[in-house]
Amino acid sequence: MIKRTHTCGELTKKNLKEEISLNGWISKSRDLGGLIFIDLRDRYGVTQIVFNEKLNKKEFEIAKKLGLEDVIGVNGQVISRPSEAINSKMVTGEIDVNVNKLCVYNESDNPPFDINDRFSASEEHRLRYRYLELRTKELQSNILIRDKALLATRKYFSKNNFIEIETPILMKSTPEGARDFLVPSRIHSGKFYALPQSPQTYKQLLMVSGFDKYFQIVKCFRDEDFRSDRQPEFTQIDIEMSFVDQDDITDMGTHFIQTLWKEILDVDLPDKFTILTYKEAMNTYGSDKPDLRFDMQLMNLKKYVINSDFDTFKNIINSDGLVKAVKVNNADGYSRKTIDELTKWLKDQYSVKGLAFFKCIDGEKLEGGISKFFNENIQSRMINDLGIKSGDIVFVIGDKPKIVLSALGALRLKIAHRENLVDENKWSPLWVVDFPLFDWNEDHKRWDSLHHPFTSPNFDDIKKLDDNPGDVRSLGYDIVMNGYEIGGGSIRIHNKDLQSKIFNLLNINDKEANEKFGFLMNAFKYGAPPHGGMAFGFDRLIMLLIGSKKIRDVIAFPKTTSAMSLMDDSPSKVDKKQLSELSLLLKEKNEKNV
RNA sequence: GGGGUGGUAGUUCAACUGGUUAGAGCACCUGCCUGUCACGCAGGAAGUUGCGGGUUCGAUCCCCGUCCAUCCCGCCA
């Protein structure tokens, strides 16, 4: 083997005449007859090496047979290029390496796609050959940034006196929250471990143990359906602290994100992040993770609707519904056809009954759509109050509050992207606080935790727990960046009686609570400090930092949206023997729906 | 679980309203070429049109089913 003296990204004119050695992959080759140029690549860069028939016939003949992605080592002399052949686009563009000795370590089959052009192949194809895709410039850079962020994270928490503690990967399954990935136990036949959805209970126990500042960079697993920003296994920065209140944790979270953005991007985020209550976020933006890079707030049309002639909307208002709207400054961009498409999308995806609209052409009165239901007086009040200008179109949805807010929230985003209202260079972090503690589950006619069952109610609302659980705010908080939820957490319950009361409200009786969370409840008998914490979605942070919308861009070996790994073809079948050891029997496929 | 888009040469794409021998770029192979860096020139090989069925004289194209990818809704304490 020829051991390298340099990497492929560092040789310059300073090294002229030096005898050096390089190792790398053949990224490109140009055979000019008696002269062969090869771009030799490693993760540091590219250096052009030259084989000259007249100077070194033997190595030249071997070089003639080299193909793309062969791995070689070369020994040679750094020479300067003729001035007309200098490549100013390359760091190493002023020199060549004139090869004396060539060693071929591994010849590559014809590569399934062009490593120099990541998008020369479909994503499916690239995922099959992920180890090759990881050779591309983009992914090398993404993985490097991920590494930098991991280091910056450990540095930050360590500096602030947090200690990293590992928690089990095989743990107890709890039916709360997301679906668990289960691991059958061989020794205890018929019993299962679960992979952690998060180390939630462990970190609370660590607080009881007195590790008052804990963090961990940890894999979590949730067996649900996936999206461009969600994978079955993902990495969290998990944090828990004792003797703190909500502000202590959000301050810490703010400072951590500021540090990360500064270290990775050299960007100064605001001193204080915007804080919105859940209600404000929902009512103003139709989302609990609003993208604040653009304004376009939802407008309430209630007071105009009740004085209009539009019975449908009036009835909605009278039966506790909502009528809200968004305003767009481009009426011309919304033809009948476009509006129909938007309507179909909202009907299909967000179960609205319709999308109403009106336009304003001359700045004085409303036209088209549902404008005829509003008399001149109301029209001019709306134009005035809502700042409607000529050329505006206003989209209106009336329905149950949940439907109106989620549909308009989605429409707001869709239109913003259509109209290029999103400043891609902007960072808009915010905290969303005062989440409701419970969410009414219509299917099961019961209250569910919105966050998780250990979340503390807001102390001011504890008296409402019995009569009006839907109105109880939690001490839960989410941190949002550019429309992505990048983290969240809560102050936890550290009192056995309050915890037991919450379990009861969640329809978990004492026996059940004891079976599922008895260990935690027991721990709370022995001096549990007030505590709280949060977790950041590490993959999403990296996604934002590299400017991608796909979580697969920041994970070395990601899964597809159907949770498969195309490269190693997992999940896969296992031997009957393995199943038998685990006391497992598989159902026939046609029994699937039994 | 539901909806949208896509699957054609190694790869990225094309192929009119269902019609004759399914084309092109890159990669690959052969030959030529001493300053290329998207090298150039000449030639060549390369196809189960995802899979299964149906309609038709005839299917890459239409229909049904299925698999895979991707985006979204539900879901994700």
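Residue numbering restarts at 1 for every chain, and letters A, B, ... go by the order of the sequence lines. Just so it is clear, the model here is predicted, and its values are computed rather than measured.
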Neighbour count above 12 (heavy atom, 6.0 Å) for A:Glu107 CD
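Not buried by this count: 12 neighbours or fewer within 6.0 Å.
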
B:rG74 versus B:rU12 - spacing of their C1' atoms, nearest Å:
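Their C1' atoms lie roughly 35 Å apart.
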
What integer number of Å spans the C1' atoms of B:rG19 and B:rU60?
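The same atom, C1', in both gives a distance of 13 Å.
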
With 3.5 Å as the limit, what N/O pairs link the protein to nucleotides 33-35 of chain B?
from: B:rC33; atom 1: N3; to: A:Asp31; atom 2: O; distance (Å): 3.3
from: B:rC33; atom 1: N3; to: A:Gly33; atom 2: N; distance (Å): 3.3
from: B:rC33; atom 1: N4; to: A:Asp31; atom 2: OD1; distance (Å): 3.4
from: B:rU34; atom 1: OP2; to: A:Gly34; atom 2: N; distance (Å): 2.9
from: B:rU34; atom 1: O4; to: A:Asn52; atom 2: OD1; distance (Å): 3.3
from: B:rG35; atom 1: N1; to: A:Asp96; atom 2: OD2; distance (Å): 3.2
from: B:rG35; atom 1: N2; to: A:Asp96; atom 2: OD2; distance (Å): 2.4

Return the [atom1] to [atom2] distance between [X] and [Y], rounded to the nearest 0.5 Å.
X: A:Thr92; Y: A:Lys13; atom1: OG1; atom2: NZ; answer: 13.5 Å
X: A:Arg41; Y: A:Gln140; atom1: CZ; atom2: CD; answer: 7.5 Å
X: A:Leu127; Y: A:Ser122; atom1: CG; atom2: OG; answer: 8.5 Å
X: A:Ser351; Y: A:Asp399; atom1: OG; atom2: CG; answer: 8.0 Å

Check whether A:Phe221 forms a cation-pi arrangement with A:Arg179 (NZ or CZ under 6.0 Å from the six-membered ring centre, at most 45° off the ring normal).
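Because its charged atom misses either the 6.0 Å distance or the 45° angle limit, A:Arg179 does not stack over A:Phe221.
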
Check this for me: does the side-chain of [X] come within 3.5 Å of the base of [N] through a donor and an acceptor?
X: A:Arg128; N: B:rC68; answer: no
X: A:Asp225; N: B:rC76; answer: no
X: A:Arg222; N: B:rC76; answer: no

Students often mix this up, so state it plainly: with edges at 30° and 60°, are the rings of A:Tyr350 and A:Trp345 parallel, tilted or perpendicular?
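Rings of A:Tyr350 and A:Trp345: perpendicular, over 60°.
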
Could you list, one pair per line, each protein nitrogen or oxygen that sits under 3.5 Å from a nitrogen or oxygen of nucleotides 2-11 of chain B, together with the distance?
from: B:rU11; atom 1: O2'; to: A:Ser120; atom 2: O; distance (Å): 2.7

Complementary nucleotide for [N] - Watson-Crick or wobble, under 3.5 Å:
N: B:rU5; answer: B:rA69
N: B:rC62; answer: B:rG54
N: B:rC32; answer: B:rG40
N: B:rA15; answer: none

Between [X] and [Y], ring centroids under 6.0 Å:
X: A:Phe60; Y: A:Phe51; value: no
X: A:Phe454; Y: A:Phe517; value: yes
X: A:Phe395; Y: A:Tyr334; value: yes

Indicate whether OP1 or OP2 belonging to B:rU36 is found under 4.0 Å from a side-chain N or O atom of A:Arg30.
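For B:rU36, OP1/OP2 do not have a side-chain N/O of A:Arg30 under 4.0 Å.
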
Using the 3.5 Å cut-off, write out each protein N or O paired with an N or O of nucleotides 43-45 of chain B and the distance between them.
none

Can A:Gln77 and A:Asn98 be counted as having a side-chain donor-acceptor contact under 3.5 angstrom?
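No pair is found: no donor N or O on one side chain lies under 3.5 Å from an acceptor on the other.
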
